[in-house]
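Every chain is numbered from 1, with letters handed out A, B, ... down the list of sequences. Given the structure is predicted, the values throughout are model-derived calculations rather than measurements.
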2 protein chains.
Amino acid sequence: MMDPVSAQNRRGDTALKILAAARDVFSERGFAGTTVDEIARRAGVNKATLYYQIGDKQTLYAGVILDVMGSAADTTASEIQNATSPEEKLRTYIRNVAEAMDRNPWMPPIMLREMAAGGRNFPETVVLGLARIFTILGEIIAEGVRRGVFVPAPPPLIHLMIVGAFAFFKTSAPLRERQAGLGGDWPAGEDRVSGTVATEVERLVLRALRKTPGEAG
Amino acid sequence: MMDPVSAQNRRGDTALKILAAARDVFSERGFAGTTVDEIARRAGVNKATLYYQIGDKQTLYAGVILDVMGSAADTTASEIQNATSPEEKLRTYIRNVAEAMDRNPWMPPIMLREMAAGGRNFPETVVLGLARIFTILGEIIAEGVRRGVFVPAPPPLIHLMIVGAFAFFKTSAPLRERQAGLGGDWPAGEDRVSGTVATEVERLVLRALRKTPGEAG
DNA sequence: GCCTTTTTCAACCAAAAGTTTAAACTAACC
DNA sequence: GGTTAGTTTAAACTTTTGGTTGAAAAAGGC
């Protein structure tokens with residue numbers, strides 16, 4: 001009998017290779033647009049191995065969704081703790097979303113396609129993660145309002161504006177390259193979002209939320 | 001020989017029926033996810049008729065894209081003229097995007113999926129329309145800055161925030177129904193965007209752009 | 001050398017999908 | 001009423017795809 005540890009390792013290795021390839025292809029072509037053969041080809045693995053290791057296309061996709069969309073909530077939640085003022089928390093929040101998308105470039109396309117499908121393929125844990133993010137944002141804003149530095153605003157809308165801007169910006173790289181003027185001041189080929197873009201979004205969102213001196217509320 | 005008029009009419013009729021069905025199915029399932037059979041079935045037409053009238057799946061999809069994404073720029077451009085102040089123009093801009101999405105519910109899913117694909121299927125005219133919208137928004141902001149009522153801001157980012165918020169809100173209706181707390185204060189089942197949502201976005205964007213009394217710039 | 005797990009190879013199947021062909025139908029026109 | 005161009009249909013054809021299988025080979029610890 002094979003050593004269970006190294007057996008586990010080998011199993012884990014190929015499974016990870018397959019997951020990574022699936023993540024690539026699914027994020028490029030969407031669920032219906034990808035073929036299992038293509039995933040196996042890119043993973044450098046036989047199709048039968050893929051079925052042996054993981055299962056059918058649906059199972060594979062579910063794994064990718066969880067992998068790509070699942071981690072966002074946790075990291076955001078933990079990092080917010082370190083910030084002190086509501087302004088800093090909000091900045092951290094925005095910067096976190098931006099960094100998550102740069103670190104995880106598969107997220108924007110998959111998120112866009114899944115939202116186009118009404119999010120019906122999101123597993124329960126992902127939806128709960130989303131709800132938690134909204135709660136966090138809601139608490140940040142509520143605290144700001146309580147302290148008299150923010151005006152009230154609907155958290156889901158703020159979140160959608162932030163995420164929408166980042167996701168669209170990232171996926172629009174080919175468009176910006178194709179048509180001058182679509183990118184504004186950004187240098188062509190820049191598809192990172194945690195730099196200038198995030199700074200700009202921070203500025204805009206904070207201007208929108210910050211209570212101006214003399215404002216009622 | 002058939003009367004060319006009624007012939008044209010019949011041809012136009014079935015072609016429109018097919019286009020409408022294609023629009024429905026493509027917006028629900030995306031390009032790769034839809035079958036030509038399903039389109040023909042929903043159009044109440046034989047599959048061969050579809051090929052006779054329009055062509056293959058690609059051609060059909062190109063027609064839908066043009067139909068769904070093509071009109072946005074023109075209507076926006078014309079309506080902006082009527083507004084006077086930069087503030088009013090910006091409000092009109094935002095309200096226009098919102099109304100376009102309510103009037104044309106196929107747009108958000110198709111836009112999201114196409115953006116996920118890097119906009120590579122957008123025909124030239126659609127991309128030019130997008131560029132024109134950015135130009136319009138840029139002029140509104142520039143005028144506001146010149147008159148001392150706005151602070152400078154990157155037009156593409158503003159646009160992406162607006163469109164992102166609206167598109168995500170519209171497609172997230174099933175998610176909001178599934179999970180309480182995702183919708184904030186909005187009543188469940190409300191998926192219109194040109195009402196409260198647009199008002200809220202107007203408020204936020206104007207707060208972000210408006211120069212506060214005493215602000216330099 | 002034996003045994004278990006893993007991977008490959010090849011083929012297969014059934015279902016589905018895109019496309020085409022030839023025949024049937026429709027309606028104006030002589 | 002028959003002709004004819006335009007239109008629609010039924011049915012087939014071709015290719016692709018997802019899924020499965022069975023046997024063989026490789027890998028690697030014992």
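Within the 4.0 Å cut-off from OP1 or OP2 of D:dT9, at least one side-chain nitrogen or oxygen of B:T49 is found. For the pair A:T14 and C:dT7, the criterion of a side-chain N or O lying under 4.0 Å from OP1 or OP2 is met. Between B:N46 and D:dA10, a side-chain N or O to OP1/OP2 separation shorter than 4.0 Å is present.
Looking at residues two or more places apart in sequence or on another chain, you find a side-chain contact (heavy atoms from CB on, under 4.5 Å) between B:Q179 and A:E124, A:V127, A:L128, A:A131, B:L182. Under the side-chain hydrogen bond (donor to acceptor under 3.5 Å, both in side chains) criterion, B:N46 pairs with no residue at all, not counting sequence neighbours. Under the side-chain hydrogen bond (donor to acceptor under 3.5 Å, both in side chains) criterion, A:K57 pairs with no residue at all, not counting sequence neighbours. In this structure B:E88 satisfies the side-chain contact (heavy atoms from CB on, under 4.5 Å) test together with B:A83, B:S85, B:R91, sequence neighbours excluded. For A:R192, there are no salt bridge (Lys or Arg N to Asp or Glu O under 4.0 Å) partners two or more places apart in sequence or in a different chain. Annotation: side-chain hydrogen bond (donor to acceptor under 3.5 Å, both in side chains) contacts of A:K170 (sequence neighbours excluded): A:D102. Residues forming a side-chain contact (heavy atoms from CB on, under 4.5 Å) with B:T75 (at least two apart in sequence, or on another chain): B:N96.
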If you look only at distance, which donor and acceptor atoms sit under 3.5 Å apart when one is on a side chain in residues 152-168 of chain A and the other is two or more places apart or in another chain?
from   : atom 1 : to    : atom 2 : distance (Å)
A:H159 : ND1    : A:Y93 : OH     : 2.5

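Distance CG (A:L60) to C1' (D:dG19): 13 Å, rounded to an integer number of Å. Separating the CG atom of A:L50 from the C1' atom of D:dG19 is a distance of 11 Å, rounded to the nearest angstrom. One atom, CD of B:E38, and another, C1' of C:dA16, lie 13 Å apart when rounded to the nearest Å. If you measure from atom CG of A:D13 to atom C1' of C:dT7, you get 14 Å, rounded to the nearest angstrom. Following rounding to the nearest Å, B:Y52 (OH) and C:dA24 (P) show an atom-to-atom distance of 18 Å. Taking atom CD1 on A:I18 and atom C1' on C:dT8, their separation rounds to 13 Å, with Å as the unit.
Shown for residues 21-28 of chain B: no residue has heavy atoms falling under 4.0 angstrom of DNA chain C.
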Please list, for nucleotides 22-24 of chain D, all pairs of protein and nucleotide N/O atoms separated by less than 3.5 Å.
none

Can you pull every protein N or O that's under 3.5 Å from an N or O on nucleotides 17-19 of chain C?
from   : atom 1 : to    : atom 2 : distance (Å)
C:dG18 : OP1    : B:K57 : NZ     : 2.7
C:dG18 : OP2    : B:V36 : N      : 2.7
C:dG18 : N7     : B:K47 : NZ     : 3.2
C:dT19 : OP2    : B:Y51 : OH     : 2.6
C:dT19 : OP2    : B:K57 : N      : 3.2
C:dT19 : O4     : B:K47 : NZ     : 2.9

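One finds no salt bridge joining B:E99 and B:R95 here, because no Lys/Arg side-chain nitrogen approaches an Asp/Glu carboxylate oxygen to under 4.0 Å.
Applying the salt bridge (charged side-chain N to carboxylate O under 4.0 Å, His left out) test to residues at least two apart or on different chains, none of the pairs has a partner in residues 179-191 of chain B.
Using the six-membered ring where Trp is involved, A:Y61 and A:F26 have ring planes that are perpendicular, over 60° apart on the 30 and 60° scheme.
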